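Below, each value reflects all heavy atoms present in this structure, side chains not excepted, and no hydrogens, waters or symmetry copies. Given the structure is predicted, the values throughout are model-derived calculations rather than measurements.
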Amino acid sequence: MELRCIHCGFPIKTLFLQYSPGNIRLMKCENCKAVADEYIECESMIVLIDLILHKPKAYRHLLFNLLNPQTLNFQGLLWKSALGFLLLDAYRILVLTRSEEEWGLSMSFSSLFWRFSKILMDVLFGNLAFLSIFLLATRNLLNTVGGASRYKNLLLAILISSYFKIFLIAMMVWELPSSVIFIIDVFVLSSNTVALKVVTGSGMSRCAETCFVAHAVKLFVSQLTVFHSSRFLQDSKILTCEMPIYSM
């Protein structure tokens, strides 16, 4: 992704000129005549606050100017973001499972195995369906030109804009109700929508439709996976209980 003006999204060659260490001059956009990226001189906390407020210019700064393939290891960042995304998603499912089912020290190894297998299947199949529907909907609804680099940029934008999932870590410290998870899911959906709008330049309503469809399919596949794994676990328990016990 090339450098962009955070106000109008117009491509720009360079964001600043450095005359000496600590002495820089911010460049202006040729299109809107405003400073291309004033976040360069701002603290990271200001950028984070504007991201939480869903300001498009903060997302342009993050996705185009800060996470630029020319200044960082793009492939490594993509894999690390995907790993963090999957781990946080697995913890989300674990919290929901603990709130719905009874966990204890007396659980057998087979029960633990099936519960963690259920979480793994939920994460893998749910996110596979999410990414498939998202890329398909992005291509059809937004008329996005295909290409490996284009899809990588879209994928990184979705992974990075799902940063609200990191607030799930707070549930390790505080005993928050499970309804907090659904509030985080809503913020993730809205953040994905803004990121998709910034990257593709499409309308907000069409981006919201694309993200909503992808998240809805992910939820449906996750519920379907949980239902079939729970059904299989119940059937295995019934077969175990019905097995005759022979005494000497």
Please lay out, stage by stage, how Tyr39 and Asp50 fare under the test side-chain hydrogen bond (donor to acceptor under 3.5 Å, both in side chains).
CA-CA 10 Å; Tyr39 283 114; Asp50 284 352; 2.5 Å; yes
Checking Leu51 against Val194 for the side chain to side chain contact (heavy atoms under 4.5 Å, CB included) test, could you report, in this order, the C-alpha distance in whole Å, the side-chain angles of both residues, the deciding distance, and whether it holds?
CA-CA 10 Å; Leu51 287 173; Val194 177; over 6 Å; no
Derivation of the side chain to side chain contact (heavy atoms under 4.5 Å, CB included) call for Phe64 and Val198:
CA-CA 9 Å; Phe64 288 108; Val198 166; 3.5 Å; yes
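The line from NZ of Lys197 to CZ of Arg60 is 6.0 Å long, rounded to the nearest 0.5 Å. Rounding to the nearest 0.5 angstrom, the gap separating the CD1 atom in Ile46 from the CD atom in Glu38 is 10.5 Å. Considering CG of Asn65 and CD1 of Ile12, their distance stands at 8.5 Å, rounded to 0.5 Å. To the nearest 0.5 Å, atoms CG (Leu83) and NZ (Lys80) are separated by 10.5 Å. For the atom pair Glu30 CD and Phe10 CZ, the distance stands at 6.0 Å (nearest 0.5 Å).
Residues Asn192 and Ser162 are in side-chain contact: their nearest non-hydrogen atoms beyond the backbone lie under 4.5 Å apart. The shortest side-chain heavy-atom distance between Lys152 and Gln75 falls under the 4.5 Å cut-off. Under the 4.5 Å side-chain criterion, counting only non-hydrogen atoms from C-beta, Met204 is in contact with Thr193. For the pair Leu120/Leu124, a side-chain contact is recorded, criterion being any heavy-atom separation below 4.5 Å from C-beta on. Using a 4.5 Å cut-off on side-chain heavy atoms (C-beta onward), Val188 and His215 make contact. Contact of the Val221 side chain with the Leu128 side chain is not registered, since no non-hydrogen atoms from C-beta on lie closer than 4.5 Å. No side-chain heavy atom of Cys5 sits less than 4.5 Å from a side-chain heavy atom of Asn31. No side-chain heavy atom of Leu62 sits under 4.5 Å from any side-chain heavy atom of Val47.
Heavy atoms of other residues, nucleotides or ligands lying less than 6.0 angstrom from CZ of Phe85 number more than 12. Heavy-atom neighbours of Leu87 CG from other residues, nucleotides or ligands within 6.0 Å: above the threshold of 12. No more than 12 heavy atoms of other residues, nucleotides or ligands lie within 6.0 Å of CD in Glu43, so this atom counts as exposed by the packing criterion.
Put simply, Leu77 and Leu63 are part of the same group of oily side chains (I, L, V, M, F, W, Y) that touch within less than 4.5 Å, one to the next. Residues Val186 and Ile93 are members of separate hydrophobic clusters, defined by side-chain heavy-atom contacts under 4.5 angstrom among Ile, Leu, Val, Met, Phe, Trp and Tyr. Linking ILVMFWY residues whenever their side-chain heavy atoms come closer than 4.5 Å, directly or via other members, leaves Leu136 and Phe212 in distinct clusters. Linking ILVMFWY side-chain heavy atoms closer than 4.5 Å, directly or via other members, places Ile160 and Leu135 in a single hydrophobic cluster. Taking hydrophobic clusters as Ile, Leu, Val, Met, Phe, Trp and Tyr residues chained together by side-chain heavy-atom distances below 4.5 Å, Leu219 does not share a cluster with Ile158.
Look at Lys218 and Asp185 and you find no salt bridge, because none of the NZ, NE, NH1 or NH2 atoms lies under 4.0 Å from a carboxylate O.
When atom types are taken as modelled, the side chain of Thr200 and the backbone of Leu196 share a donor-acceptor pair closer than 3.5 angstrom. With hydrogens and angles disregarded, no donor-acceptor distance shorter than 3.5 Å links the side chain of Thr210 to the backbone of Thr138. Between the side chain of His7 and the backbone N or O of Val35 there is at least one donor-acceptor pair closer than 3.5 Å.
Nearest approach of Lys28 to Lys33, heavy atoms of both residues: CD-O, 3.7 Å. The heavy-atom pair separating Lys57 from Ile6 by the smallest distance is CB-O, 3.1 Å. Between Ser161 and Ser191, the shortest heavy-atom contact is O-OG, 2.7 Å. For the residue pair Ile184 and Phe164, the shortest heavy atom distance occurs at CG2-O, 3.4 Å.
Between Tyr163 and Tyr59, the two ring planes are tilted [angle within 30° to 60°].
Of the residues listed (Asp37, Leu15, Thr14), the one engaging Met27 in a side chain to side chain contact (heavy atoms under 4.5 Å, CB included) is Thr14, and it is the only one. Applying the side chain to side chain contact (heavy atoms under 4.5 Å, CB included) test between Lys165 and each of Leu159, Ile181, Asp89 identifies Asp89 as the sole match.
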